[in-house]
Undergrad: 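If you scroll down you'll find the structure; I have some questions about it.
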Amino acid sequence: SAGDLSPGLELKTEPEGRPEPEESCPVCGDRVSGYHYGLLTCESCKGFFKRSVQNNKHYTCVEMQSCPMNPLQRKRCPYCRFQKCLAVGMKREAVRADRMRGGRNKFGPLYRRDRQMKEQKVYHQTTTTPCRIKMETTQALQPTAPSDLHLMTGHTNVPLSSDPFHQCQVYPSGMGQLGAPMPLDCTMNTDRGLTPPSLSTTSLTPASTPTPGPSALVTSTPNFLDQLVEAEQDESQLCAKVLASLQREQASRGKHDRLNTFSIMCKMADQTLFGLVEWARNSALFKELKVEDQMVLLQSCWSELLVLDHLCRQVSYSKEGCIYLTVTGDIEVSTILSQAGVTLSSLVSRTQDLVTKLRALQLDRHEFVCLKYLVLFNPDVKSVQSRRQVEQTQERVNRALMERTQQTHPGHSDKFGQLLLRLPEVRSISLQVEDYLYQRHLLGDLPCNSLLTEMLHTKHS
DNA sequence: CTAGCCTTGATC
DNA sequence: GATCAAGGCTAG
C-alpha cells in the first residue's frame, strides 16, 4: 500500500514514540529481526547460526580468535562469529534436526519472559511510581530470570570440539505430552525432594550416623561381600527413575523440541549419580566415615564411579558393537563414532576397549562391587582426615576381592591382578569425561541444576 | 557462503 | 485468525 515506510524510517521519525524497543544484535550489532535460537538477533546471524549448526560446521580462525564482529566485518571470520553466537547464548537445540518448519518450540515462554523483562526495565526507567500489578509479575518472574547458563561462559575461548549428538535424535518410547507444565527446564528442580538429595553439606549431614561400635559388617564375616552386593540398587529401579525424569523433561517441551541423545545421556548420568550417592550414603562402611570425609571422597570419585557403573552395565547387558543406554535401547558404536567429535570418539572407543577386556575377564557382580568400593575408599584423596580408616577399608575390600577371585577362579592365572590393572584406565577415562562434560557445560549444553553440574563445579572451583 | 525475503504451522 | 520463530529459497 501507499504507506511504504520502512520500519527503520518510521522509528527515526517517531522519536517520542515507545521508548525504543530496538536493540542491536548481540553478535554483530546489526538490527534485530526478532528472537532467533534463544535471543534477539539480526536476520543474518540467525541464518549464519542455522547454517552452521545444520551443516555441523567447524571453522578455524586464522587470527587470534578475537576478530571484530560488526555488520561490515562479520563475514570475515565465521569461527569468531560462531563463537560469539554461542557466547551470547544462541542455542543449538533450537535448530531442528528434523528441519520441520513452522510452529513453536520450548523457547516460546522464554521469549515472552524476556520481552516482559525488557518492558519492565523500560517501565522502571520511565516512571517512578510502580503499579502493583506490575510488581507482582516481576516477582513471579524474578527467580527464574537470570538462570541462563551461558552467562557463565562469558567470553571463554572454549575450542569448539565435538558436536556429535545434535544431529542424532532419539525418541524414547512412551514420551507423551503429559500435563503438569514445568516452569522452565533451566530453573530449579522442584522435584528434588523425591530423588536423592544433592551433595551439599546440609543434605549429607543428617543421613550420616557414624556407627560407634564395630558393626556386624566391620567384624570380618564370611558374608562380607554378599552384604556389600545386597546393598546394590536394582537396574530396573534406575531405569524407572531415568524414564520418569526424562518424561518430566519431555513433558515440559514442545513436540518440536525432542531431547537429543546428549541430553538423554546427561539425564541418565545425573540419575545414576543420584543413585551412586545414595548407595554410598547407605553403605555401612561409608557411614562410619566423618561427613567431611564422605564429601571429599564422593567429590573425588564420582566420575570414576559413573564410568565403572557404565562399564558394568555394558558387560552385563550390551550387545556386540553396541552401547546399552538403559532407556534408549542400543546404540551402535559405529554410529556414534561417525558422528562424534575427537574427544567423544576417543572416550567411546577407550571405554569399549575396557568393556571388551572386562568381559574377557568375566567380571561378575561381586567383583564389580568391590571395584566400586576400592575407588570410593581412596586414601590418596587430599584433605581426607581419617586417612587410616579409609585405607583400612580399602585394604579390607581389596582382600575380600582377592579371596573371592581365588575361590571362584582357582584356575585363572591372575584375575585379581587383572581387575586391579583396569582401574588406572577407569580413572583416566573418568578424568576425560569430566573434561568433556565441563567443555559442554561451558557451551551451555548441560542442563542446569543437575547433580552432574554441581559435581563438575565443585571440582573446577 | 551470505543475507534478505518468503513459507509454515503450533500456539495464543 | 493473528502471531512469529522456525526452515527454505535465491540473488549476489
Side-chain angles (χ1 to χ4, degrees), chain A residues 1 3-11 18 21-63 67-86 88-119 137 140-141 148 150 160 166-169 171 175-186 250-260:
Chain A
S1 64
D4 281 330
L5 286 164
S6 79
L9 189 64
E10 208 165 22
L11 271 167
R18 268 183 309 278
E22 288 301 307
E23 274 184 51
S24 59
C25 172
V27 179
C28 70
D30 206 348
R31 240 199 67 206
V32 301
S33 68
Y35 284 91
H36 305 295
Y37 310 110
L39 37 65
L40 290 166
T41 74
C42 70
E43 191 67 20
S44 69
C45 287
K46 163 200 158 191
F48 170 76
F49 188 75
K50 180 185 71 177
R51 288 192 301 274
S52 301
V53 175
Q54 276 180 340
N55 304 322
N56 197 17
K57 290 287 185 192
H58 286 101
Y59 308 111
T60 42
C61 176
V62 291
E63 294 289 326
C67 300
M69 250 346 110
N70 58 52
L72 287 175
Q73 298 179 82
R74 64 190 174 201
K75 280 196 233 185
R76 294 219 322 219
C77 182
Y79 175 89
C80 289
R81 191 178 186 183
F82 194 61
Q83 286 301 305
K84 187 86 180 280
C85 286
L86 294 171
V88 301
M90 292 185 79
K91 298 181 191 316
R92 289 184 163 100
E93 315 91 87
V95 178
R96 297 170 186 165
D98 59 6
R99 300 203 164 204
M100 178 81 78
R101 304 167 75 181
R104 292 287 146 90
N105 63 15
K106 76 156 177 191
F107 297 115
L110 186 143
Y111 297 144
R112 204 184 323 143
R113 242 184 34 202
D114 195 61
R115 263 191 201 109
Q116 286 185 17
M117 272 181 53
K118 294 213 162 89
E119 235 169 70
T137 29
L141 298 167
D148 283 7
H150 58 254
L160 226 208
H166 286 105
Q167 308 304 327
C168 101
Q169 299 216 344
Y171 308 140
M175 281 209 179
Q177 314 259 108
L178 302 170
M182 292 237 301
L184 232 140
D185 69 330
C186 216
Q250 187 66 67
S252 68
R253 293 160 166 250
K255 280 179 193 163
H256 273 318
D257 190 35
R258 289 286 191 0
L259 285 159
N260 58 29

Undergrad: Measure from NZ on A:K91 to C1' on C:dA5 and round the result to the nearest Å.
TA: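 Those two atoms, NZ and C1', are 15 Å apart.
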
Undergrad: If you look at every heavy atom in A:C85 and A:V88, which pair is closest and at what distance?
TA: O-CG2, 3.2 Å

Undergrad: Counting side-chain heavy atoms from C-beta on, which of C:dG7, C:dA6, C:dA5 comes nearest to A:A94?
TA: C:dA6

Undergrad: What's the CG-C1' distance between A:D98 and C:dG8, to the nearest Å?
TA: 14 Å

Undergrad: Consider salt bridge (Lys or Arg N to Asp or Glu O under 4.0 Å). Of A:K75, A:R74, A:R81, which one does A:D30 pass it with?
TA: A:R74

Undergrad: Short question: side chain of A:N55, backbone of A:K57 - any donor-acceptor pair under 3.5 Å?
TA: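 No, because the side chain of A:N55 does not come within donor-acceptor range (under 3.5 Å) of the backbone of A:K57.
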
Undergrad: So if I define the base as every atom that isn't primed, P, OP1 or OP2, how would nucleotides 1-7 of chain B read as a B/S/- string at a heavy-atom cutoff under 4.0 Å?
TA: SBBBB-B

Undergrad: Looking for any heavy atom pair under 4.0 Å, which part of the strands does A:R76 touch: base, sugar-phosphate only, or nothing?
TA: nothing

Undergrad: Figure out the OH/C1' separation between A:Y35 and C:dA5, and round it to whole Å.
TA: 12 Å

Undergrad: Using a 4.5 Å cut-off on heavy atoms from C-beta on, say whether the side chain of A:E43 contacts that of A:H36.
TA: yes

Undergrad: Side chain of A:R96: nearest nucleotide among C:dA5, C:dG7, C:dT3?
TA: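 Output: C:dG7.
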
Undergrad: Any side-chain N or O of A:R115 below 4.0 angstrom from OP1/OP2 of C:dT3?
TA: no

Undergrad: Using whole Å, report how far NE2 of A:H36 lies from C1' of C:dC4.
TA: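 So the NE2-C1' distance, A:H36 to C:dC4, works out to 9 Å.
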
Undergrad: I want to check one thing: is the phosphate of C:dG8, taken as OP1 and OP2, less than 4.0 Å away from some side-chain N or O of A:R99?
TA: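 It does, given that an N or O in the side chain of A:R99 lies less than 4.0 Å from OP1 or OP2 of C:dG8.
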
Undergrad: Whole angstrom is fine here: how far is it from CG in A:L40 over to P in C:dA5?
TA: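 After rounding, the reported distance stands at 8 Å.
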
Undergrad: Please state whether the rings of A:Y59 and A:F48 are parallel, tilted or perpendicular, taking 30° and 60° as the class boundaries.
TA: parallel

Undergrad: Does C:dC4 have its OP1 or OP2 closer than 4.0 Å to a side-chain nitrogen or oxygen of A:Y37?
TA: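 So the side-chain polar atoms of A:Y37 never come under 4.0 Å of the phosphate oxygens OP1 or OP2 of C:dC4.
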
Undergrad: Under 4.5 Å between any side-chain heavy atoms of A:K91 and A:F107, yes or no?
TA: yes

Undergrad: If you count the non-hydrogen atoms of other residues, nucleotides and ligands that lie under 6.0 Å from CD in A:E63, is the total more than 12?
TA: no

Undergrad: Rounded to the nearest Å, what distance is computed from the CD atom of residue A:Q54 to the C1' atom of nucleotide C:dG7?
TA: 7 Å

